[in-house]
Chemist: 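Here it is: the structure, laid out below.
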Amino acid sequence: MQRVGVHRFCQVSGILSAVVLALLLVGTTSGRDALGWIYLQSAEAITNATHIRTFPLDRLDPTCPQCM
């Protein structure tokens, strides 16, 4: 019989735990409510975020004659 290393055991148990957690989140009402809440919070955070003025990347393009 082949021995299973600790590292391999941790990998397999981590993957199985992630699959079970994903199934619980999608398969239960409270899980779907939690996913919806996370989505709404992230959408609100993106909406209220302060946007940084971007640097025009055309200025770095040597083939752009208007940018020189």
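Just so we're clear, the structure is a prediction, and the values are computed from it rather than from any experiment. Note that these values count all heavy atoms, side chains included, but never hydrogens, waters or copies made by symmetry.
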Chemist: Can you find a heavy atom in the side chain of Arg32 that is under 4.5 Å from one in the side chain of Thr29?
Modeler: yes
Chemist: What residues, two or more places apart in sequence or in another chain, satisfy side-chain contact (heavy atoms from CB on, under 4.5 Å) together with Leu25?
Modeler: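 side-chain contact (heavy atoms from CB on, under 4.5 Å) check on Leu25 returns Leu21, Leu35.
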Chemist: Taking all heavy atoms of Thr28 and all of Leu24, pick out the closest pair and write down the distance.
Modeler: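 Reported closest heavy-atom pair: OG1-O, 2.7 Å.
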Chemist: Any chance you could pull the hydrophobic cluster mates of Ile38, using side-chain heavy atoms under 4.5 angstrom and chaining through other members?
Modeler: Trp37
Chemist: Restricting to side-chain contact (heavy atoms from CB on, under 4.5 Å), what partner residues turn up for Ser13, sequence neighbours left out?
Modeler: none
